[in-house]
Protein chains: 2
Amino acid sequence: MTRAPAETQGEALTARQQAVLDAVLSLMVEKGSGLTMTAVARRASCSKETLYKWFGDRDGLLTATVQWQASKVRAGNFDRQTLDAGALRESLKRFAANWLEVISSPTSIALNRIGVSQAAARDGNLGSIVLANGRFAIGKRMMPVLEAGREAGLLDFDDTETTFRTFFGLVGRDIQIRLLLGDPLTLGKAEIARDAERATDQFLTLYGTAANDPGRTNNA
Amino acid sequence: MTRAPAETQGEALTARQQAVLDAVLSLMVEKGSGLTMTAVARRASCSKETLYKWFGDRDGLLTATVQWQASKVRAGNFDRQTLDAGALRESLKRFAANWLEVISSPTSIALNRIGVSQAAARDGNLGSIVLANGRFAIGKRMMPVLEAGREAGLLDFDDTETTFRTFFGLVGRDIQIRLLLGDPLTLGKAEIARDAERATDQFLTLYGTAANDPGRTNNA
DNA sequence: CCTGAACCGTAACGTACGGTACGGACTTTC
DNA sequence: GAAAGTCCGTACCGTACGTTACGGTTCAGG
């Protein structure tokens, strides 16, 4: 699955339309939920009539924006071959760092805020879209790694989903909720690397087998 | 502005005012972010003029509601005496279960959604209040427990804050963000108890000393 | 050129909602 | 028992914003 258009409506977006959605993204980051159609039209240098013609209504525009952003963040999958203890640890660290970068990026914060706001109102269509492209997307990419680690005798667990959720918690901790609620928390490259390493170490302490890291004395 | 109480905690509120705030809470749970002053007045059987007289403006009403709810959830602190391994484990489990109950309650979900929405807009005053009464309140109550455990030789860690955040992540995992984004996830009593136990076990595996649980072989 | 489609800029419309004003009813106080 | 205070119900105002409509411009095709 190298390339997936992923647009549910399958409507190939023109370059102009993508530019409009990028304008929406930039406005979301700047203005937050105070996002008006007029502001979008002005920022994108297009008419409101065009916005409504292309995206139907405000909700359609937001939905298209979320999916557009999601299509830009598809990270590459890992290669299942040559999975020794070091490669597994590296894969975990890379996933953790990638996830921390995503959830601490202004774009992700703005998008998740929009999703949460929408979920609060009527049928949370946008919320589920954000969820599918965030939490569940990372899970879908992550769980094969865990299972490969188990097959290689490096990890020991029963339920993949539960195990992933533990890793998710060790990585994210309180970061996402704090950022969503406006905590002026900033994650630099160094902090992300350190957090990813710590989370990976803790995860391997909980789920790693003796074969995983012979240097350690503790074996669950 | 002749009137600006700005009560830091839920004090000096008359029973009638508390009833109004309870009406706001119920409306938040039902209607979500679509919360209007008119709806509050109708639900609370009071006039809008009274609302503005008592709470200043819409923001003041929301702020008072958040603080009112927070004042109702203050859980009891633990007693530092008689802290052996079993008591520590019980304390951790109780904190974990309490926290899971809170974040999965409809009221907390609604309140956090409001806070996130507000944080997205202008200066996130409400967001920081929710944060202070949620994430930071539990941390403030939790960290003395961890330090008592360390003094008793049951836990081994350097930084209390970091250690608490790990516990926080092990307990909450992906639950809060999923609920905020509208995932139809439900946590029953049994699941909460099981999750609290699992998180506590994992935490003690990471940070417990040999003295904590003599039956274990792993010592960090 | 002419025509029509696509699109920009902007004016206009309808509604929802925050905030204010006013009349009436009930309670307290002197 | 009247004046003052409190509060409910509702009508009202101003504004913001989603949505629509319309005139003007560019450009491709004939």
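Note that the structure is predicted; figures quoted are calculated from it, not measured. Naming convention: chains lettered A, B, ... in sequence-line order (proteins, then strands); numbering from 1 in each chain.
- Counting to the nearest Å, the P atom of dC8(D) and the CE atom of Met37(B) are 13 Å from each other.
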If a protein heavy atom is under 4.0 Å from the base, mark B; if only from the sugar-phosphate, S; if neither, -; do that for nucleotides 7-16 of chain C going 5' to 3'.
SBB-B-----
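- For the atom pair CD1 of Ile129(A) and CG of Leu181(B), the computed distance is 11.5 Å after rounding to the nearest 0.5 Å.
- Salt-bridge check for Arg135(B) with Glu161(B): passed, with a basic side-chain N closer than 4.0 Å to an acidic carboxylate O.
- Across all strands shown, Leu61(B) has no heavy atoms under 4.0 Å from either base or sugar-phosphate atoms.
- More than 12 heavy atoms of other residues, nucleotides or ligands sit less than 6.0 Å from atom CG of Asp159(A).
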Using the rule given for side chain to side chain contact (heavy atoms under 4.5 Å, CB included), can you reason through Arg43(A) versus Lys31(A), listing the C-alpha separation, both sets of side-chain angles and the distance that settles it, and then say yes or no?
CA-CA 12 Å; Arg43(A) 172 68 60 98; Lys31(A) 295 285 189 174; over 6 Å; no
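- Of the charged side-chain nitrogens involved, none lies within less than 4.0 Å of a carboxylate oxygen, so that Arg150(A) and Asp158(A) do not count as a salt-bridged pair.
- The CG atom of Leu51(B) sits 15 Å away from the P atom of dC17(C) (whole-angstrom rounding).
- Phe55(A) places its CZ atom 16 Å from the C1' atom of dG18(D), with the value rounded to the nearest Å.
- Using bins of under 30°, 30° to 60° and over 60° for the plane-to-plane angle, the ring pair Trp99(A)/Phe168(A) lands in the tilted bin.
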